[in-house]
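Beneath this line is the structure, given in structure tokens, with notes to follow.
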Amino acid sequence: MKTIAAIVAGTLFLTMSMALAQRAADGPPPELVSFGPPSARPLLAGTGGDTWDRRVRERGWIIREGGTWHLWYTGYNDARSDSKFLGYATSPDGLAWTRWPGNPLTAEGWVEDMTVVKRGGTYYMFAEGRDDIAHLLTSTDRVTWKEQGDLDIRQVDGRPIAAGPRGTPTVWIEGDTWWLFYERADLAVFAATSKDLKVWTNVGDEPVLARGPDAYDRYAVAMDQIIRYQGRYYAYYHASALEDWAEWSTCLAVSDDLVRWTKYPGNPVIPVNPTMKGASSGMVVHDGQQFRLYTTHPDVRVYFPSPR
């Protein structure tokens, strides 16, 4: 015969399960998924000339602090170098951007697909290096960056993960724990945590976000940004339905624990644009009144909320 405690525990578990199911069925708040068309022109793009940033690529990162918007981006010019360099721009409104006169911020190495988080007085930049190996840089003034080395990522048992790409690093800080989300050749996203920023240990050796089963992300997934909103975690990620990755869309997943992610049934949030098939690396920024969505590859565009 079941004890009263067991019956109560079972009832609570069932109630919680039903509540979670209902939350998933309710879907994300519309302000996170309802956006209009992209800006007709890029807000920032490659110069097209013989400069270090003739072209711009991959995920740039935008933050708003007070009355100033800050953008870090990757520029390159294959005629000059086979490397990728870090650029910086500022804006009073997130629309009109001015390149930093001291660009590029890096003179050697490889910096692309970055995410920037601030803790205390320090900015932490997690970025891809050569061969899609994630590394860390730090700064106290946004423009002078110090290389801290490649990320040491371990399996659950403490052994190093297999050799190969570990790119598009996306970072979230929860209390005194740093969470790292990284992809391996855009085939799946894994999660690891660290207390000291020196060793990162997988929370599980299976992906937290995998491809499919629907067509829109059948061939590639890579996480771009995590936000916490109304008590839940939301992850924007870019995805491809094509084996050659010739086009990209921006999608959303939701989680209550940073480990179990459920894809938004209405994905993609930003479908493939026939005139901008490569638009990707999406992220949202709150402008003080509403969320804007930006894509930063192969140039920077903004999407404002759709009228309700």
Side-chain angles (χ1 to χ4, degrees), residues 33 35 38 55-61 73-74 76 84 110 112-115 126-134 151 153 161-172 179-192 202 204-226 233-255 258-284 293-301 303:
V33 294
F35 297 95
R55 300 178 69 183
V56 169
R57 60 175 279 139
E58 296 287 11
R59 178 183 54 181
W61 197 262
Y73 65 95
T74 297
Y76 67 107
K84 308 294 184 284
W110 185 303
E112 68 173 332
D113 234 341
M114 74 289 293
T115 180
F126 298 82
E128 283 183 3
R130 191 177 292 274
D131 299 323
D132 288 350
I133 303 300
L151 302 190
I153 306 174
I161 61 173
R166 61 286 303 274
T168 321
T170 299
V171 171
W172 179 260
W179 287 73
L180 169 71
F181 297 84
Y182 64 98
E183 45 81 10
R184 309 219 65 184
D186 284 45
L187 302 179
V189 176
F190 298 81
N202 281 350
D205 292 331
E206 296 299 319
V208 296
L209 188 71
R211 295 172 294 165
D214 294 326
Y216 67 86
D217 64 356
R218 182 169 296 162
Y219 286 102
V221 292
M223 197 175 286
D224 292 311
Q225 180 196 33
I226 294 175
Y233 303 98
Y234 293 92
Y236 289 90
Y237 69 97
H238 59 271
S240 185
L242 300 182
E243 190 171 6
D244 63 0
W245 301 355
E247 57 187 37
W248 296 93
S249 63
T250 297
C251 306
L252 186 73
V254 61
S255 176
L258 294 171
V259 177
R260 292 166 292 185
W261 293 90
T262 300
K263 296 176 182 179
Y264 169 46
N267 276 338
V269 173
I270 304 294
V272 174
N273 187 326
T275 63
M276 295 166 40
K277 293 184 178 181
S280 67
S281 301
M283 63 178 297
V284 293
L293 189 144
Y294 289 83
T295 53
T296 58
H297 176 89
D299 50 37
V300 181
R301 308 265 179 158
Y303 305 68

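- Put simply, the side chain of Arg57 reaches to within 4.5 Å of the side chain of His297, judged on heavy atoms.
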- Message: Set out, in order, the CA-CA distance, both residues' side-chain angles and the distance that settles side chain to side chain contact (heavy atoms under 4.5 Å, CB included) for Tyr236 and Gln225, then state yes or no.
- Response: CA-CA 5 Å; Tyr236 289 90; Gln225 180 196 33; 3.6 Å; yes
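- When side chains are defined from C-beta on, Asn267 does not count as touching Asp217, because their heavy atoms never get closer than 4.5 Å.
- Across every non-hydrogen atom of Glu183 and Ala222, the tightest pair is CG-CB, 3.8 Å.
- Taking the charged nitrogens against the carboxylate oxygens, Asp214 and Lys263 have no contact shorter than 4.0 Å, which rules out a salt bridge.
- For the pair Thr295 and Gly282, the tightest heavy-atom approach, listed with the atom from each and the gap, is CG2-CA, 4.1 Å.
- The side-chain heavy atoms of Tyr237 and Thr170, taken from C-beta on, include no pair separated by under 4.5 Å.
- Using modelled atom types, no side-chain atom of Glu247 and backbone atom of Leu242 make a donor-acceptor pair closer than 3.5 Å.
- Classified by interplanar angle (parallel below 30°, tilted 30° to 60°, perpendicular above 60°), the ring pair His238/Trp248 is perpendicular.
- Proximity of a side-chain donor or acceptor of Arg184 to a complementary backbone N or O of Ala162 within less than 3.5 Å is detected.
- The pair Asp113-Arg59 meets the salt-bridge criterion, with a side-chain N (NZ, NE, NH1 or NH2) lying under 4.0 Å from an Asp/Glu carboxylate O.
- Taken from CH2 in Trp172 to CG in Leu180, the straight-line distance is 14.5 Å, to the nearest 0.5 Å.
- Here the closest heavy-atom approach between residue Trp261 and residue Tyr233 is recorded as CZ3-O, 3.7 Å.
- Side chains of Pro268 and Cys251 form a contact here, defined as non-hydrogen atoms less than 4.5 Å apart.
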- Message: Tyr303 vs Val284, test: side chain to side chain contact (heavy atoms under 4.5 Å, CB included). Steps then yes/no.
- Response: CA-CA 9 Å; Tyr303 305 68; Val284 293; over 6 Å; no
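- In this structure, Trp110 CH2 and Ile133 CD1 are separated by 11.5 Å, a value rounded to the nearest 0.5 Å.
- Looking at every heavy atom in both residues, Glu58 comes nearest to Ser281 through C-OG, 3.8 Å.
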- Message: Please evaluate residues Arg166 and Leu151 with respect to the criterion side chain to side chain contact (heavy atoms under 4.5 Å, CB included), reporting the C-alpha separation (whole Å), side-chain torsions for both, the decisive distance (0.1 Å), and the verdict.
- Response: CA-CA 9 Å; Arg166 61 286 303 274; Leu151 302 190; over 6 Å; no
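- Using a 4.5 Å heavy-atom threshold, the side chains of Pro207 and Val189 count as separate.
- Applying the 6.0 Å contact sphere to CZ of Arg130 captures more than 12 heavy atoms from other residues, nucleotides or ligands.
- Counting only heavy atoms from C-beta outward, the side chains of Tyr264 and Val254 never approach each other to under 4.5 Å.
- Atom CZ of Arg55 has 12 or fewer neighbouring heavy atoms from other residues, nucleotides or ligands inside a 6.0 Å radius.
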- Begin with the C-alpha distance, continue with both residues' side-chain angles, and end with the deciding distance and a verdict on side chain to side chain contact (heavy atoms under 4.5 Å, CB included) for Thr74 and Met114. CA-CA 8 Å; Thr74 297; Met114 74 289 293; 3.4 Å; yes
- Item | Full working for side chain to side chain donor-acceptor pair (under 3.5 Å) between Tyr73 and Asp299 | CA-CA 10 Å; Tyr73 65 95; Asp299 50 37; over 6 Å; no
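- Taking each heavy atom of Trp245 and Ala185 in turn, the nearest pair found is CH2-O, 3.4 Å.
- For the atom pair CG (Leu252) and CG (Leu293), the distance works out to 10.0 Å, reported to the nearest 0.5 Å.
- In this structure, OH in Tyr216 is found 13.0 Å from OG in Ser240, a value given to the nearest 0.5 Å.
- For the pair Tyr182 and Asp132, the minimum side-chain heavy-atom distance is 4.5 Å or more.
- Across all their heavy atoms, Ala127 and Glu112 have their closest contact at CB-O, 3.5 Å.
- In this structure, the side chain of Glu128 engages the main chain of Thr168 through a donor-acceptor pair within 3.5 Å.
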